There are 2 protein chains.
Amino acid sequence: MQADDGAQRGTRAPTIYDVARAAGVSASTVSRAFARPGRVNSETAERVRAAATAIGYRANPVAQALSTARTRMIAVLVSDLSNPIYAELLRGAQVAASAAGYGVLVEDTREDAVTERETAERILPLVEGVLLTSSRMSDAAIRAVAKQRPVVVLNRGLADVSCVVADEARGTRRAVEHLGEAGHRDLAYVAGPDASWTNGARWRAFSDACHELDLTGRRIGPFEPTFAGGFEAALALAGARSSGVLVFNALMAVGVIRGLQQAGLDVPGDVSVVGFDDVLIGQIVSPALTTVSTPLQAMGATALRNLLALVNGARPRSTGPVVVPARLLPRESSGPVAARTP
Amino acid sequence: MQADDGAQRGTRAPTIYDVARAAGVSASTVSRAFARPGRVNSETAERVRAAATAIGYRANPVAQALSTARTRMIAVLVSDLSNPIYAELLRGAQVAASAAGYGVLVEDTREDAVTERETAERILPLVEGVLLTSSRMSDAAIRAVAKQRPVVVLNRGLADVSCVVADEARGTRRAVEHLGEAGHRDLAYVAGPDASWTNGARWRAFSDACHELDLTGRRIGPFEPTFAGGFEAALALAGARSSGVLVFNALMAVGVIRGLQQAGLDVPGDVSVVGFDDVLIGQIVSPALTTVSTPLQAMGATALRNLLALVNGARPRSTGPVVVPARLLPRESSGPVAARTP
DNA sequence: GGAGGGGTGACAACCGGTTGCTGGAAGTTG
DNA sequence: CAACTTCCAGCAACCGGTTGTCACCCCTCC
């Protein structure tokens, strides 16, 4: 039980002035007793602390924020909280922020660049920094935000802005190699939103890898980055010749698997499916999804820690984005190409 | 492009004093031009607005919060963001808050009552209200928080505090009836955390329904409210006689299904499994999960709107919790009891 | 022409902290 | 014992808004 349990809703919360009166010192001494340990006599400080706990004083963060210009809050913008990858990223970021004494303001931008931009501008005066997870904004819009506050972008590479990205090129390459080794020569990439940087990066890496490995690589989409979007894509896929499919994200990949099954195709017997992101649903679906895995919570935490470093005056690293490794988790949704009965 | 695109990081943001100078009026007139439409001459107001946009003025929310004692922020505490039901609740709450011009501070309390209490106390001075989703705190701790700020609790019934709950009794009853009608006479309830109010409510309703319908109803657990927890529970279940199982939540239910399959049992052939919460993973798992469904995003939004009503001075409703309907979605994980070969 | 009154803008206090500066008390040194 | 430091608490200004109060202007009406 704390001394302040009695704090009533109506009664004004005690201020440093109340503490000052109770301790027989001035308000500035109270302020310093908390903020500048060495600046006041230790006995005086002790007396102030005792008085503070006695009357249940807690510093008003709003007043602190006003005079120090530090709100101790970070905005985290996600495009869709219903997508487990954003929930994981957010969780990693939130825990890291909390550990540093920062609060996290979440905003769901509903996959819309305009909403995202407006949200960012609206929230900007209130936060010390902004973490953009999978931003749908233009590079110019991101830079405009970054001019006003420290910004870290997650899942996107962008010059002059601090970035945390997975090694999309290598991860994608591994996925294509995996399909190629299984004998698939005709591959398809199921695209997510055009505004997604990762979508572009994955498609380019896919395309490059197909070319190098002498495979045919087509692209279909864009589709919504959801289960429904993947399901829809499967309809298009069912009529095509590709026996190996790489899908923009896990939610869609699961949709693709289900859609293909619905169309009477066997996965991986008729079509091998590989996705991105290691989330529970990919392990649950039958067959379990072969996927390119990245450490989501760790990425969220890293991005947030980098953001706090910027906020606290670190110079942005000029050596390009922080790249975290991606690895392929082979599971059941991919396998050797079948001898096809024409 | 906005006028404030030029706002630099180093340069101080313009204040009402800058606007006042530019418009040739006093600062208080600027303030009133924005906050009290009728209070200043419309021409003056127009001039002020023009000057404000010209120099890229935006009100400092911290300063506003300090003088009005309204931060326009709400804290939302969730016990585990990795659980999709909290992501959905949070999303509903965040969208509703945003629509009302409020920001949402999220905190993941990691299923721990102490963390939750400390988090609540820490964040309390900063927010106008607190939304507790599936709180693990004691009733007394919740009331202590509610004494300091308006509180709405979601997924928990509690006298003297505003609540939003699903109709657990009816939903659970329907699930038990469903199993009973399929011929299952020996049922088990797989329990979640003891500190969860919904867990208690579901167990009691399960127990009552079994009694009334003359079925045997045992309880196993508690287990972690995760896939892993459900998987673990399945091991205990595999050795038991129950042919119908009701599981605390969807994540666990999916774990139970997988665990039972792992143990060589068929679902629903050998054991029927029914869960709670309608989330994507329950539709994806094979067999698809029969579940008690509640409108998660809508509950989050309702809870947040009720909280804002309290914040804005509404009297707490004395007529008990807001109860939203729950309904059973029969899918593939439940079916008629099999003639068992002993 | 002077009194009464509504509209409107400015002054200044306030919200609750932080911090530069100042001066008095205590301690050190020659 | 005087001069010089060092330590430390208090004063007052400041962060950027909001708002109670008041004075002034102008219009109206007698």
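All values reported here derive from a predicted model rather than from experimental measurement. Residue numbering restarts at 1 for every chain, and letters A, B, ... go by the order of the sequence lines.
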N or O in side chain of [X] less than 4.0 angstrom from [N] OP1/OP2:
{"X": "B/Q64", "N": "D/dT18", "value": "yes"}
{"X": "A/S67", "N": "D/dC15", "value": "no"}
{"X": "A/N60", "N": "C/dG17", "value": "no"}
{"X": "B/T29", "N": "C/dA10", "value": "yes"}

What's the [atom1]-[atom2] distance between [X] and [N], to the nearest Å?
{"X": "B/I16", "N": "D/dC15", "atom1": "CD1", "atom2": "P", "result": "12 Å"}
{"X": "A/E43", "N": "C/dA26", "atom1": "CD", "atom2": "P", "result": "14 Å"}
{"X": "A/N41", "N": "C/dA26", "atom1": "CG", "atom2": "C1'", "result": "12 Å"}
{"X": "A/D18", "N": "C/dC15", "atom1": "CG", "atom2": "P", "result": "11 Å"}
{"X": "B/R36", "N": "D/dT18", "atom1": "CZ", "atom2": "P", "result": "9 Å"}
{"X": "B/R58", "N": "D/dG16", "atom1": "CZ", "atom2": "C1'", "result": "15 Å"}
{"X": "A/E46", "N": "D/dA9", "atom1": "CD", "atom2": "P", "result": "13 Å"}

So OG1 of A/T15 and CG of A/D18: to nearest 0.5 Å the spacing works out to 4.0 Å
Measuring from atom CZ of B/R110 to atom OG of B/S82, what distance do you get when rounded to the nearest 0.5 angstrom?
11.5 Å
Does A/A63 or B/S42 map to a spot on DNA chain C nearer the 5' end, using the closest nucleotide for each?
B/S42
Sugar-phosphate, base or nothing in reach of B/S31, heavy atoms under 4.0 Å
base
Quick one: the side chain of [X] and the base of [N], do they pair up donor-acceptor inside 3.5 Å?
{"X": "B/R32", "N": "D/dG17", "answer": "no"}
{"X": "A/S28", "N": "D/dC11", "answer": "yes"}
{"X": "B/R39", "N": "C/dG9", "answer": "yes"}

Salt-bridge present (B/E128, B/R72; N to O < 4.0 Å)
no
Please determine whether salt bridge (Lys or Arg N to Asp or Glu O under 4.0 Å) holds for the pair A/R122 and A/E107, giving the CA-CA distance in whole Å, both sets of side-chain angles, and the decisive distance to 0.1 Å.
CA-CA 11 Å; A/R122 183 165 45 72; A/E107 301 278 348; 3.8 Å; yes
State which of C/dG16, D/dG17, C/dG17 makes the closest approach to the side chain of B/L66.
C/dG16
Looking only at the side chain of B/V40 (C-beta and beyond, no hydrogens), which of the listed nucleotides C/dG9, D/dC8, D/dG10 gets closest?
C/dG9
Using side-chain contact (heavy atoms from CB on, under 4.5 Å), reason through B/V151 and B/V145 one step at a time and then give a plain yes or no.
CA-CA 7 Å; B/V151 166; B/V145 173; 3.7 Å; yes
Toward the 5' end of DNA chain D, which comes first, A/Y17 or A/R47, by nearest nucleotide?
A/R47
Among B/V76, B/V106, B/D108, B/T133, the one residue meeting side-chain contact (heavy atoms from CB on, under 4.5 Å) with B/Y86
B/T133
Check A/A87 against B/L81 and note the closest heavy-atom contact, atom names and distance.
CB-O, 3.7 Å
Quick check on the 6.0 Å ring-centre criterion: do A/F34 and A/Y57 meet it?
yes
Inter-end axis angle, the helix from C/dG1-D/dC30 to C/dG30-D/dC1, with every axis fitted to five base pairs (rounded, 10 degrees)
50°
